[in-house]
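One structure below.
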There are 2 protein chains.
Amino acid sequence: MTSPFRSAQGRSEDRAIKRQALLTAAVRLFNERGFHATSLDEVATSVGVTKPLVYHYLGNKDQVLLECVSFGLAQLREVAEAARAVPGRGIDRLKAFLRRYAEVVMGDFGRCVIRTSDEMLTADSRARFRAAKREMDAAMREMLEAAVADGSVRIADVRLTAFTIAGALNWSARWHNDDAGQSRAETARDMVDILCAGLEPR
Amino acid sequence: MTSPFRSAQGRSEDRAIKRQALLTAAVRLFNERGFHATSLDEVATSVGVTKPLVYHYLGNKDQVLLECVSFGLAQLREVAEAARAVPGRGIDRLKAFLRRYAEVVMGDFGRCVIRTSDEMLTADSRARFRAAKREMDAAMREMLEAAVADGSVRIADVRLTAFTIAGALNWSARWHNDDAGQSRAETARDMVDILCAGLEPR
DNA sequence: ATTGACATATACTCATGAGTAACTCAATGA
DNA sequence: TCATTGAGTTACTCATGAGTATATGTCAAT
């Protein structure tokens with residue numbers, strides 16, 4: 001039982017929870033209807049509050065979107081981080097990375113990263129968005145190169161292979177449906193197997 | 001030299017040319033700035049005319065977009081048609097199809113197909129758009145199944161493989177740049193090799 | 001009790017962009 | 001030569017949605 005008199009900390013936790021609820025509502029609507037077709041009014045209403053509150057917690061529409069994609073990109077960064085610690089050969093780390101990458105991309109914030117294209121953001125936010133995406137791309141290439149280096153895969157063109165694999169996984173953000181067919185984890189596993197079948201040396 | 005007195009046919013050719021010019025201008029801007037961020041005013045101005053003329057030739061904004069994606073999907077349909085006539089094993093037809101598919105997807109109208117998501121269209125147009133996309137998906141699966149049938153590839157899950165390959169190729173619509181790096185044809189060829197390496201039986 | 005900080009709402013402003021009415025002008029055809 | 005048609009324009013209407021000014025209530029600390 002918590003006391004009804006919330007401490008300063010309690011209040012700021014409260015605020016963080018509300019913030020997150022608003023952010024999640026926003027990202028869901030963005031994914032469902034598209035960013036431009038979603039008004040902040042709708043975001044607010046979907047949580048039972050009014051628009052100015054969205055500005056209070058999250059700022060203007062551009063900032064809301066930036067926050068959503070930043071969150072998604074942070075999840076992807078964590079996935080890369082975690083994959084580096086996986087034991088085994090390069091390809092094992094790579095596969096672990098790709099699987100978890102795909103799982104994130106099928107989630108709310110990951111989907112938003114994929115569906116958001118640069119022109120939706122202001123010049124400022126756009127620069128940060130692109131930088132974070134480049135970082136992910138670099139992480140993917142590094143992992144490919146490490147696997148090449150330890151001989152667990154054979155790759156002619158790392159850059160193109162990275163784009164190809166990323167594209168295949170990213171696209172699941174468009175078609176995967178949680179309520180039908182395989183789960184995210186199953187889908188991710190199978191896609192990764194399909195993609196990596198051609199990488200292992202014969 | 002054509003006569004300055006254009007015949008009825010000449011005039012309707014003229015009209016078709018102008019129509020196409022407007023459509024191309026529209027698709028380029030949609031790709032560059034995004035559909036919602038592009039006004040029909042800008043489309044008109046980019047060709048040196050005024051907005052009502054766009055309505056005169058192409059109809060409302062939804063119809064313009066539908067026309068763009070229909071054109072892109074028609075190109076893809078042609079590609080599928082042509083690939084069926086390619087001689088050789090199933091995998092040869094498949095590879096020919098995928099290469100040309102990728103090339104289309106890196107072009108103006110193909111890119112627009114990829115970048116357009118359902119919610120941008122009215123319910124009516126959306127239905128037609130989805131139907132055409134399903135048709136393409138079916139074509140891709142058919143080609144995979146044919147290659148499985150004649151033993152030139154081994155595939156565990158045709159549906160998922162189709163999504164995976166399509167995703168990898170579709171994504172090039174997002175990153176490929178005509179003015180830098182490899183040409184469309186080179187890029188397409190190399191992506192297809194990467195993707196098919198894992199399909200051929202060992 | 002009083003003050004101040006924060007949460008939340010009402011009720012606006014303002015810009016933008018879709019879509020249209022209505023006009024002009026030129027060529028075509030009877 | 002006059003009527004018709006189609007190309008193209010100007011100058012609007014109208015809805016929507018981003019963003020804000022300002023009011024109100026509520027809690028916590030003094």
Side-chain angles (χ1 to χ4, degrees), chain A residues 2-23 25-26 29-30 32-68 119-125, chain B residues 2-23 25-26 29-30 32-68 119-125:
Chain A
T2 57
S3 148
F5 297 93
R6 275 153 301 166
S7 62
Q9 190 193 342
R11 261 175 293 124
S12 90
E13 273 168 21
D14 206 43
R15 184 182 167 96
I17 287 171
K18 289 182 185 167
R19 214 185 117 87
Q20 189 66 31
L22 245 359
L23 201 63
L29 286 174
F30 290 167
E32 216 173 278
R33 313 189 185 178
F35 175 69
H36 286 289
T38 304
S39 73
L40 290 188
D41 250 321
E42 292 171 308
V43 171
T45 308
S46 83
V47 181
V49 297
T50 56
K51 185 168 52 164
L53 210 60
V54 176
Y55 283 85
H56 187 59
Y57 281 101
L58 298 175
N60 68 26
K61 204 181 177 189
D62 176 67
Q63 292 170 318
V64 175
L65 181 58
L66 180 63
E67 190 95 359
C68 290
E119 350 85 34
M120 296 178 187
L121 294 157
T122 61
D124 214 54
S125 306
Chain B
T2 57
S3 152
F5 296 94
R6 276 151 301 165
S7 62
Q9 189 194 342
R11 259 176 293 124
S12 91
E13 273 168 21
D14 205 43
R15 182 180 168 98
I17 287 171
K18 289 180 185 168
R19 215 184 116 87
Q20 189 64 32
L22 245 359
L23 202 63
L29 285 174
F30 290 167
E32 215 172 280
R33 313 189 183 175
F35 175 69
H36 286 290
T38 303
S39 72
L40 290 188
D41 249 322
E42 293 171 307
V43 171
T45 309
S46 83
V47 181
V49 296
T50 57
K51 184 170 52 164
L53 208 61
V54 176
Y55 283 85
H56 188 59
Y57 281 100
L58 299 174
N60 69 25
K61 205 181 176 189
D62 176 66
Q63 292 170 317
V64 174
L65 181 57
L66 180 62
E67 190 95 0
C68 289
E119 349 86 33
M120 297 178 188
L121 294 157
T122 60
D124 213 55
S125 306

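Values in this document were obtained by computation on a predicted structure and should not be read as measured data.
- A/G59 approaches A/V64 most closely through the heavy-atom pair O-CG2, 3.8 Å.
- Between B/R15 and D/dA7 there is a side-chain N or O to OP1 or OP2 distance below 4.0 Å.
- Ranking D/dA11, D/dA18, C/dG19 by closeness to the A/L40 side chain, first place goes to D/dA18.
- Using a 30° and 60° split on the angle between ring planes, A/H36 and B/H36 fall in the tilted class, from 30° to 60°.
- Taking 3.5 Å as the limit, the base of D/dG17 and the side chain of A/K61 contain no donor-acceptor pair of atoms between them.
- Side-chain N/O atoms of A/K18 include one lying less than 4.0 angstrom from OP1 or OP2 on C/dT8.
- Here the side chain of A/K51 pairs no donor or acceptor atom with the backbone of A/S39 at under 3.5 angstrom.
- The nearest whole Å value for the distance from the NZ atom in A/K51 to the C1' atom in D/dT22 is 15 Å.
- Remark: the backbone N or O of A/N60 is paired with a side-chain donor or acceptor of A/Q63 at under 3.5 angstrom.
- For A/Y57, a side-chain nitrogen or oxygen approaches OP1 or OP2 of C/dT8 to under 4.0 Å.
- Put simply, CZ on B/R19 is 17 Å from C1' on D/dG8, counting in whole angstrom units.
- Look at CG on B/L53: it is 7 Å from C1' on D/dA7, rounded to the nearest Å.
- Rounded to whole angstrom, the span from the NE2 atom of A/H56 across to the P atom of D/dT22 amounts to 18 Å.
- With rounding to whole Å, B/N60 atom CG is found 8 Å from C/dT20 atom P.
- Atom pair B/R33:CZ and C/dG17:P shows a separation of 10 Å (rounding to whole Å applied).
- Summarising the geometry, the separation between CG on B/D41 and P on D/dC12 is reported as 15 Å, rounded to the nearest angstrom.
- Residues B/R33 and B/T38 come closest through the heavy atom pair CB-OG1, 3.6 Å.
- Between B/Y55 atom OH and C/dG17 atom P the separation is 12 Å, expressed in whole Å.
- In this structure, B/S39 reaches the sugar-phosphate backbone alone: every heavy-atom distance under 4.0 Å involves primed, P, OP1 or OP2 atoms, never a base.
- Residue B/T50 has no polar side-chain atom (N or O) positioned under 4.0 Å from OP1 or OP2 of D/dG8.
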